A.B. asks: 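A single structure is presented below for examination.
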Amino acid sequence: IKRAEAMQKLQTMALESAANGIVITDVQGDIVWVNRAYTQITGYTFDEVKGKNPRILKSGRQSNEEYKKLWETILSGNVWQGEFVNKKKDGSLYIDEMSVTPVYGASGVITNFIAIKQDVTDRKKTIQQLEEQAMLLDEAHEAIVVRDMNFIVQYWNKGAERLFGWMATEAIGSDFRSLVYQNTSDNQ
């Protein structure tokens, strides 16, 4: 019994110290436990959410159909993975990447659900900014070419296509010197 108690304590400590938010609900979806990361992500303490449904985070940005798909998936015994735009206690919105897994009791019936949650708002914003910058570079009138130390082309924009006559799909992965040399010898 002491060994089982020690293992249970270790598991609880591991869940509590995890970097991702962890939520355990009963089969109706009411919260029975959350870890510290959940509190850091959402602003809600365990005492504030105990016995409540995770819909307290609902922002109104998802359709009821998306929630229906989640419930159909987990009630059928499968893991659901996806993203929701959720609302923190202070009212600010965040992108919540999560997976929800059914937990089975000894009788083989689903007794709980565990959700692993991560705030990916900053990562999504960074990706969007990089995509916007890439689009601006690609549309630039000037030729922009990125090559590695071995002169292998890593990036080739539309300006480079116009100047050198090679499509990006042809140029990327090629030796820059051979592309430029072949282009200048063709024009002579």
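Everything numeric in this text was worked out from a predicted model, so none of it was measured.
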A.B. asks: Carefully, step by step, assess K89 and T42 under the rule side chain to side chain contact (heavy atoms under 4.5 Å, CB included).
C.D. replies: CA-CA 6 Å; K89 182 179 177 182; T42 67; over 6 Å; no

A.B. asks: In the single-linkage hydrophobic clustering (I, L, V, M, F, W, Y; side-chain heavy atoms under 4.5 Å), do Y67 and W80 co-cluster?
C.D. replies: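 Same cluster: Y67 reaches W80 through Ile, Leu, Val, Met, Phe, Trp or Tyr contacts under 4.5 Å.
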
A.B. asks: Just do the salt bridge (charged side-chain N to carboxylate O under 4.0 Å, His left out) check on D90 and K88 with the steps written out, would you?
C.D. replies: CA-CA 5 Å; D90 67 8; K88 297 181 182 191; over 6 Å; no

A.B. asks: Do K69 and E65 have side chains that approach each other closer than 4.5 Å (heavy atoms only, starting at C-beta)?
C.D. replies: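 Yes; the side chains approach each other to less than 4.5 Å.
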
A.B. asks: Linking I/L/V/M/F/W/Y whenever any side-chain heavy atoms sit under 4.5 Å apart, do I152 and W156 land together?
C.D. replies: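 Different clusters.
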
A.B. asks: Look at the side chain of N112 and the backbone N and O of T25, then say whether any donor-acceptor pair between them is shorter than 3.5 Å.
C.D. replies: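 Confirmed, N112 side chain pairs with T25 backbone.
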
A.B. asks: With the side chain counted from C-beta on, respond yes when I127 and K125 share a heavy-atom pair under 4.5 Å apart, and no when they do not.
C.D. replies: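 The answer is no; the side chains never approach within 4.5 Å.
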
A.B. asks: How long is the gap from CG on L130 to CD on Q128, to the nearest 0.5 Å?
C.D. replies: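 So the gap between those two atoms works out to 10.5 Å.
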
A.B. asks: Mark yes or no: R177 above the aromatic ring of F151, with NZ or CZ under 6.0 Å from the six-membered ring centre and no more than 45 degrees from the axis.
C.D. replies: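 Judged by the rule, R177 and F151 form a cation-pi pair.
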
A.B. asks: Atom CZ of R3 and atom CE of M7: how far apart are they, to the nearest 0.5 Å?
C.D. replies: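 Here the rounded value is 7.0 Å.
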
A.B. asks: Within the side chain of Y155, is there an N or O that forms a donor-acceptor pair under 3.5 Å with the backbone of D138?
C.D. replies: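 Checking the backbone N and O of D138 against the side chain of Y155, a donor-acceptor pair under 3.5 Å is found.
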
A.B. asks: E132 versus M135: any side-chain heavy-atom pair under 4.5 Å?
C.D. replies: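 In short, these two side chains do not touch, never coming nearer than 4.5 Å.
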
A.B. asks: Give a yes or no on this: more than 12 heavy atoms of other residues, nucleotides or ligands lie within 6.0 Å of atom CZ of R61.
C.D. replies: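 Counting neighbours around CZ of R61, 12 or fewer heavy atoms of other residues, nucleotides or ligands fall under 6.0 Å, so no.
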
A.B. asks: Looking at S174, is its backbone amide N or carbonyl O close enough to the side chain of S178 to form a donor-acceptor pair, meaning the two atoms are under 3.5 Å apart?
C.D. replies: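 Not at all, since once roles are kept as given, no pair shorter than 3.5 Å links the two residues.
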
A.B. asks: For the ring pair W71 and F113, is the centre-to-centre distance below 6.0 Å?
C.D. replies: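 Aromatic pair counts; centres sit under 6.0 Å.
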
A.B. asks: Are any non-hydrogen side-chain atoms of F84 and L70 less than 4.5 angstrom apart?
C.D. replies: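 Yes - at least one pair of side-chain heavy atoms lies under 4.5 Å apart.
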
A.B. asks: What residue among N20, D119, V34, T121 forms side chain to side chain contact (heavy atoms under 4.5 Å, CB included) with I41?
C.D. replies: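 When side chain to side chain contact (heavy atoms under 4.5 Å, CB included) is applied between I41 and each of N20, D119, V34, T121, only D119 qualifies.
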
A.B. asks: Are there over 12 heavy-atom neighbours, none belonging to K50, within less than 6.0 Å of that residue's NZ?
C.D. replies: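 Not buried by this count: 12 neighbours or fewer within 6.0 Å.
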
A.B. asks: Looking at K52 and E48, would you say the former's side chain and the latter's main chain have a donor-acceptor pair under 3.5 Å?
C.D. replies: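 Such a contact is found between K52 side chain and E48 backbone.
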
A.B. asks: Give a yes or no answer on whether the side chain of Q81 reaches the backbone of V100 with a donor-acceptor pair at less than 3.5 Å.
C.D. replies: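 Judged by distance alone, no pair lies under 3.5 Å.
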
A.B. asks: Taking D148 for the side chain and Q154 for the main chain, is one N or O donor matched with an acceptor at less than 3.5 Å?
C.D. replies: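 Absent.
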
A.B. asks: With heavy-atom distances below 4.5 Å as the criterion, would you say the side chains of V180 and F164 are in contact?
C.D. replies: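 SC-SC contact between V180 and F164 confirmed.
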
A.B. asks: Without swapping roles, check the side chain of E66 against the backbone of S63 for a donor-acceptor pair under 3.5 Å.
C.D. replies: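 Present.
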
A.B. asks: Find the distance between CD (Q11) and CD (E16) and round it off to the nearest 0.5 Å.
C.D. replies: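 If I round to the nearest 0.5 Å, the distance is 14.0 Å.
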
A.B. asks: Residues in side chain to side chain donor-acceptor pair (under 3.5 Å) with D96, at least two apart?
C.D. replies: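 Expected list: N86, Y94, K117.
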
A.B. asks: Starting from V85, can I reach L57 by hopping between I/L/V/M/F/W/Y residues whose side chains sit under 4.5 Å apart?
C.D. replies: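 In one cluster: no.
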
A.B. asks: Are the side chains of V153 and L179 in contact, using a 4.5 Å heavy-atom criterion?
C.D. replies: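 Sidechains of V153 and L179: in contact.
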
A.B. asks: Taking the side chain as C-beta and beyond, is there a heavy-atom pair between M98 and Q118 under 4.5 Å?
C.D. replies: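 They are not in side-chain contact.
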
A.B. asks: Charged N to carboxylate O under 4.0 angstrom, R123 versus E97?
C.D. replies: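 E97 and R123: salt-bridged.
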
A.B. asks: What pair of heavy atoms forms the shortest contact from I144 to L137, and how long is it?
C.D. replies: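 Residues I144 and L137, closest heavy atoms: CD1-CD2, 3.5 Å.
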
A.B. asks: Please evaluate residues Q133 and Q129 with respect to the criterion side chain to side chain donor-acceptor pair (under 3.5 Å), reporting the C-alpha separation (whole Å), side-chain torsions for both, the decisive distance (0.1 Å), and the verdict.
C.D. replies: CA-CA 6 Å; Q133 291 171 357; Q129 289 169 344; 5.9 Å; no

A.B. asks: List the atom of I74, the atom of I110, and the distance in Å for their closest heavy-atom pair.
C.D. replies: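 That closest heavy-atom pairing would be O-CD1, 3.5 Å.
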
A.B. asks: Keeping the roles fixed (side chain from T101, backbone from V79), state whether a donor-acceptor pair exists under 3.5 Å.
C.D. replies: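 Flag not set: sc T101 to bb V79 has no pair under 3.5 Å.
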
A.B. asks: Can you tell me how far NE2 of H141 sits from CG of N157, rounded to the nearest 0.5 angstrom?
C.D. replies: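 N157 atom CG to H141 atom NE2 measures 10.5 Å (nearest 0.5 Å).
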
A.B. asks: So, do N53 and I31 sit near enough that their side-chain heavy atoms are less than 4.5 Å apart?
C.D. replies: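 Sidechains of I31 and N53: no contact.
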
A.B. asks: Kindly say whether L15 contributes a backbone atom to a donor-acceptor pair with the side chain of N35 at under 3.5 angstrom?
C.D. replies: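 A pair under 3.5 Å: yes.
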
A.B. asks: Answer with yes or no whether the hydrophobic clustering places I95 together with I116; edges join I, L, V, M, F, W, Y residues whose side-chain heavy atoms lie under 4.5 Å apart.
C.D. replies: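 Different hydrophobic clusters.
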
A.B. asks: Can you confirm whether or not the ring centre of Y38 sits under 6.0 Å from the ring centre of F46?
C.D. replies: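 Ring centres of F46 and Y38 not closer than 6.0 Å.
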
A.B. asks: Is there a path of hydrophobic side-chain contacts, each under 4.5 Å between heavy atoms, that joins V23 and V27?
C.D. replies: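 Unlinked, V23 and V27 end up in two clusters.
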
A.B. asks: Shortest non-hydrogen contact from L93 to S59?
C.D. replies: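 Closest approach of L93 to S59, heavy atoms only: CD2-CB, 3.6 Å.
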
A.B. asks: If every non-hydrogen atom of A37 is compared with every non-hydrogen atom of A18, which pair is closest and at what distance?
C.D. replies: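 Result for this residue pair: CB-O, 3.5 Å.
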
